[in-house]
Amino acid sequence: MMTEEKDVLILAIESSCDETAASVVKNGREVLSNVISSQIELHKLYGGVVPEIASRKHIEKINQVIEEALAEANVTLDDLDAIGVTYGPGLVGALLVGVAEAKAIAFAKNLPLVGIHHIEGHISANYIENKELEPPFVCLVVSGGHTHLVCVKDYGKYEIIGRTRDDAAGEAFDKVARAIGLGYPGGPKIDKLSKEGNADAIVFPKAHISDAPYDFSFSGVKSAVLNYINGCKMKGEEYNNADIAASFQKAVTDVLVENAMRAVKEYGLSKFAIAGGVASNSTLRVAMKKACEENGVEFYHPSPIYCTDNAAMIGAAAYYEYIGGTRHGWDLNAVPNLKLGER
Ligand code: KG4
Ligand code: ZN
């Protein structure tokens, strides 16, 4: 008689920035629940994430979010095989809440504890809806805190091909949005407004770094937008916010597409994925899809709900780390500047 392999159920927790999230994931790819409590409305008042407020809100919400995730998945703590948790990078006070909670549950229930790198989570979001996707592939992680071009060599094995030298892509979106009065978070608002503008109206610079062809720099384009606005104001000229949004978005997207496609070719791979909050951007998705089609590359992307910070992606990553043997002890700590690939 064939014995069926036992399912692996993981409760995953994410609290690295302004989302308190918990999820139950089966065998790394089947999301049984995905609960996200966003603090965006609170941080909007301040034009960005206030770390101290984020930590306090995580403490208030985390138990309720976990209970909801278990209830929605129709499981109890006794059904779980492991606890996965983001332990870096991120805001230290925010990370600590998730890490302490995960350790408490794992200790109380005698469950294995698996710490996860936030970017590994974002990358693994692609496994949830693309059941056939397996490494190796190239992944572009673009979020509010990160812009990383990564070669996913195998589950849990990463080589960083390129990264931003200054602002993250999402950070640039947020700063430009603020400059044209759109408010926080700016990415989705620029995405929307750009549809009414002309992307060729203004030529903003696309930074390429000569000695590091896969690295990015977005502070130049951000400054160019601010200078353009100031220049118009000084000359008493009108400027069109939709044209600025569309032209800025094009400058950012073009660089992301160019570097990503060069990397896919250089590494001789046929699969490419995007991840992170900015991966929801409609212009970026269309441009990446087109570039992949032209280059004969298979294109993968998560749905918007798995692009933004969530715990299902941490559950997907935790599954592969768990079956690969990764275990953390009770001394697991929050590591705000954790490097991808560190254990
Ligand atoms: O991954 P994420 O939720 O959190 C971090 O780990 O940073 O990413 C948030 C970032 C913000 O900067 C937000 O403005 C940006 O993702 N973002 C977008 C879009 N949706 C969210 N940027 C451009 N276009 C979008 N549609
Ligand atoms: Zn993130």
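Just follow the structure's listing: the first ligand is 1, and inside any ligand the first atom is 1.
- Between D81 and K6, at least one side-chain nitrogen of the basic residue sits less than 4.0 Å from a carboxylate oxygen of the acidic one, meeting the salt-bridge criterion.
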query: Between V297 and S270, is a side chain to side chain contact (heavy atoms under 4.5 Å, CB included) present by the stated rule, with each step listed?
result: CA-CA 5 Å; V297 171; S270 58; 5.7 Å; no

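- Inclusion of H122 in the first shell of the Zn ion (ligand 2) is supported: an N, O or S atom falls under 2.8 Å.
- Using a non-hydrogen distance threshold of 4.0 Å, P188 registers as a contact of ligand 1.
- At a cut-off of 3.5 Å, with distance as the only test, a side-chain donor of S16 or E14 sits close to an acceptor on the other residue.
- Geometrically, ligand 1 and D191 share a nitrogen or oxygen pair separated by less than 3.5 Å.
- Residue contact check for ligand 1: C307 places a non-hydrogen atom closer than 4.0 Å to it.
- Under the 6.0 Å cut-off for aromatic ring centres, F173 and F248 qualify, their centroids lying closer than that.
- Side-chain rings of Y319 and Y127 stay apart, their centers remaining 6.0 Å or farther from each other.
- The shortest N/O to N/O separation between G170 and ligand 1 falls below 3.5 Å.
- Close contacts between ligand 1 and G145 involve ligand atoms 7 (O) [criterion: under 4.0 Å to a heavy atom].
- Of the N and O atoms on the side chains of D309 and H122, at least one donor lies less than 3.5 Å from an acceptor on the other residue.
- In the model, Y267 has no side-chain atom that pairs as donor or acceptor with a side-chain atom of R262 under 3.5 Å.
- Within H118, the N, O or S atom lying nearest to the Zn ion (ligand 2) carries the name NE2.
- The shortest contact between atom 15 (C) of ligand 1 and any protein heavy atom is with V278 CG2, 3.9 Å.
- The protein non-hydrogen atom at the shortest distance from atom 22 (N) of ligand 1 is G187 CA, 3.3 Å.
- If you look at H122 next to ligand 1, the close heavy atoms, those under 4.0 Å, all belong to the side chain.
- Within the listing of ligand 1, atoms 1 (O), 5 (C), 6 (O), 7 (O), 8 (O) sit less than 4.0 angstrom from a heavy atom of S143.
- Looking at D309 and the Zn ion (ligand 2) together, the shortest N, O or S contact belongs to OD1.
- Among the atoms of D309, some N or O lies under 3.5 angstrom from an N or O of ligand 1.
- Counting only N and O atoms by type, the side chains of E129 and Y306 include no donor and acceptor under 3.5 Å apart.
- A side-chain N or O of N27 and one of D7 form a donor-acceptor pair less than 3.5 Å apart.
- Annotation: T308 places an N or O atom under 3.5 Å from an N or O atom of ligand 1; distance criterion only.
- Remark: the E101 side chain and the H58 side chain contain no N/O donor-acceptor pair separated by less than 3.5 Å.
- Residue-to-ligand polar distances place G144 within reach of ligand 1: an N/O pair is separated by less than 3.5 Å.
- Side-chain atoms of E19 and N310 form no donor-acceptor pair, as typed in the model, at a separation below 3.5 Å.
- Counted by atom type alone, T326 and E321 present one or more donor-acceptor pairs between their side chains at under 3.5 Å.
- The protein heavy atom nearest to atom 24 (N) of ligand 1 is N281 ND2, 2.9 Å.
- In terms of protein heavy-atom proximity, atom 12 (O) of ligand 1 is nearest to D174 OD2, 2.8 Å.
- Polar contact with ligand 1: present for H118 (N/O pair, distance under 3.5 Å).
- Looking only at heavy atoms of the protein, atom 17 (N) of ligand 1 is closest to G277 O, 3.6 Å.
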